[in-house]
Number of protein chains: 2
Amino acid sequence: MADLARVAGVSKITISRALSDSPLVNRDTRERLQALAHELGYKLNVSARNLRLRRSHTVAVIVEMKPSHDRTMLDPYPLILLGGISQELTEHGYSVLLTTRQGATAAAVQAADGLILLGQGSRQDAVRRFDKLGLPMVVWGAPGDEHIVVGSDNRQGGRVVAEHFIRLGRRNPVFVGNPNHPEIFERLNGFVDALAAHGIKPLLIRRDEFTLASGGDAMHSLMDRGVPFDAVFACSDLLAMGAIRALNTLGRTVPGDVSVVGYDDMPLAASFLPPLSSVRQDWQEGGTLLARKVLALIGDEPEQSETLPVELIVRET
Amino acid sequence: MADLARVAGVSKITISRALSDSPLVNRDTRERLQALAHELGYKLNVSARNLRLRRSHTVAVIVEMKPSHDRTMLDPYPLILLGGISQELTEHGYSVLLTTRQGATAAAVQAADGLILLGQGSRQDAVRRFDKLGLPMVVWGAPGDEHIVVGSDNRQGGRVVAEHFIRLGRRNPVFVGNPNHPEIFERLNGFVDALAAHGIKPLLIRRDEFTLASGGDAMHSLMDRGVPFDAVFACSDLLAMGAIRALNTLGRTVPGDVSVVGYDDMPLAASFLPPLSSVRQDWQEGGTLLARKVLALIGDEPEQSETLPVELIVRET
DNA sequence: GGATGCCGTGCGACCGCTCACAAGACATTG
DNA sequence: CAATGTCTTGTGAGCGGTCGCACGGCATCC
């Protein structure tokens with residue numbers, strides 16, 4: 001910058017002002033200096049500016065990346081969140097620093113202006129760990145009192161499925177999933193409450209893995225125990241698909257004998273045989289919202305948790 | 001750090017050295033200062049260090065994130081790459097700065113010590129754009145002369161499928177995919193070459209989208225044209241699944257009448273009905289390799305392109 | 001005419017860290 | 001005893017920006 005100043009015949013500070021479009025410098029000078037900087041291929045030193053301004057224009061996104069550990073970062077859908085976040089932050093001149101929980105001790109994270117936590121659903125302790133960094137922070141998941149949380153309305157998700165089953169005349173619904181996970185616990189709650197209004201109490205089959213095998217396994221154990229059931233609410237599409245396959249093998253038809261609803265509405269759900277009914281969340285919007293709230297917090301504006309509506313996509317199952 | 005130094009009764013530089021485990025300071029002093037720093041909750045100012053050291057310990061990963069634009073960042077599998085990259089970089093004290101091509105002009109990218117490009121397969125021009133940053137750079141994709149590239153052996157991928165078809169006695173194979181994409185072009189080449197050794201010339205059905213619908217559509221157009229075929233090599237699992245569904249609808253059995261092989265071996269492939277044969281790439285290893293090579297380049301060590309072997313998983317189709 | 005104001009620009013300091021270099025304490029050597 | 005070396009610590013500078021404050025030039029006002 002000193003070089004540039006010498007070439008242009010002005011002082012460093014004028015360059016600095018010109019490049020940041022400050023109205024303090026004369027319009028003509030400003031444009032001349034900007035053109036010159038561009039021409040000479042001048043690149044601002046970000047580290048220097050970060051040091052002086054005491055901010056980094058960076059938001060750290062901390063994800064759970066351990067494979068096969070309830071919902072992992074490698075699931076495609078949570079990743080659309082990342083897309084939404086990235087887009088929104090980029091638009092506002094911020095960068096995304098991607099880390100795992102393990103890597104979050106790395107130096108660069110501490111330099112971030114804000115924090116977004118994804119997929120930490122079942123680990124409130126992990127979330128709390130980041131409190132002490134004292135950074136503006138927004139969390140994806142089920143709302144709680146401790147943090148600013150953005151998430152889908154999982155309770156509504158459970159409710160709409162319950163109402164769907166009621167409408168179909170189902171009387172013995174089953175819930176398959178892991179209620180330790182706060183988001184799924186909410187789905188279960190919504191499901192149970194809405195059914196209770198009709199005097200129905202669903203059966204809970206606890207399954208921690210979100211896999212086809214796990215869904216199939218759940219159906220087998222149900223049949224083995226001889227429990228009567230005519231509807232399955234699986235808290236992921238893969239579980240639902242696994243369940244349907246298993247039911248067919250076991251000689252029960254879907255949706256004839258049993259109705260099945262999944263969660264997330266993954267692209268394949270529509271072309272599954274039979275096409276899978278599923279609850280859709282707006283991940284993209286969620287990401288945008290997460291980003292917007294961190295930015296607001298960074299700008300010292302007050303913010304609050306927010307819940308996004310979900311939509312039941314009724315197909316054949 | 002000055003404060004810390006005052007409290008500890010030493011100079012700034014001794015603190016600095018102690019915290020970076022420099023052997024220059026006495027072992028006891030070092031441990032005492034480290035303990036003190038930890039106790040007082042001292043956090044190194046990363047921006048200051050970056051400025052002084054003229055490096056950021058950050059690698060920018062540039063992905064293609066536009067939805068529905070050949071392979072997008074939102075496909076799950078390319079994302080395992082990101083997992084591998086992240087893990088390897090974190091282990092070496094580096095951070096991942098995630099950006100899209102659009103966001104890559106943002107200040108922070110220029111501060112990165114290195115660059116990894118993902119999913120820019122069909123846009124060599126885009127890749128070239130980053131050359132002028134003059135940063136150590138590694139690209140995922142098909143090998144070329146211009147850059148250091150890490151990628152799967154797509155040619156081998158095509159070859160093993162060809163050999164598989166030959167072994168099954170198929171004489172009229174079809175390739176479905178987008179040959180404009182360099183990686184897929186390689187698959188096609190390997191496929192064509194291996195078949196040529198047996199005097200067979202496959203048919204190419206050009207499809208740009210990697211969707212079920214597109215796969216089905218390809219089969220319909222084949223049947224409409226009355227072209228005889230007994231094997232389909234689809235360059236993605238979704239295309240393959242769509243093709244199988246369509247073939248069934250059209251009254252042709254898989255694998256009775258037609259053999260089908262997909263690509264990527266996504267988790268659902270194994271539980272598809274019938275279980276899908278597919279070519280598997282080692283994404284995780286690819287990510288690790290990408291990261292390792294950037295780090296080497298950053299450390300001024302010479303590096304070269306590398307190709308990873310693929311594996312044909314033969315299932316029922 | 002001098003006081004007052006605005007506009008555009010520049011000087012010097014400083015953000016927090018680490019480098020080159022120096023220097024004191026002590027042991028070793030001839 | 002001085003010369004030399006090793007070990008440990010400190011001094012001052014500077015990485016490349018931006019902030020507070022000051023300054024000169026010109027128009028405006030009474």
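Nothing here was measured: the structure is a model prediction, and the numbers come from that model. Quick note on labels: first sequence line is chain A, next is B, and so on, each numbered from 1. In what follows, every heavy atom counts, from backbone to side chain, and hydrogens, waters and symmetry copies are set aside.
One can place CZ of R6(A) at 12 Å from P of dG16(D), the figure rounded to the nearest angstrom. Atom pair Q110(B):CD and dG17(D):P shows a separation of 11 Å (rounding to whole Å applied).
For the residue pair H57(A) / N50(A), no side-chain donor-acceptor distance below 3.5 Å is found, with atom types taken as modelled. Side-chain contact, S56(A) with D113(A): a donor N or O sits under 3.5 Å from an acceptor N or O.
Checked for salt-bridge contact, D3(B) and R6(B) meet the test: a charged N lies under 4.0 Å from a carboxylate O. In summary, E303(A) and R292(A) do not engage in a salt bridge, as defined by a charged side-chain N under 4.0 Å from a carboxylate O.
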Along nucleotides 7-16 of chain C, 5' to 3', which nucleotides get a B, which get an S, and which get a -, given that the test is a protein heavy-atom distance under 4.0 Å?
-SBBB-BBBB
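For the pairing with S152(B), the side-chain hydrogen bond (donor to acceptor under 3.5 Å, both in side chains) check across R280(B), E285(B), Q281(B) returns one residue only, Q281(B).
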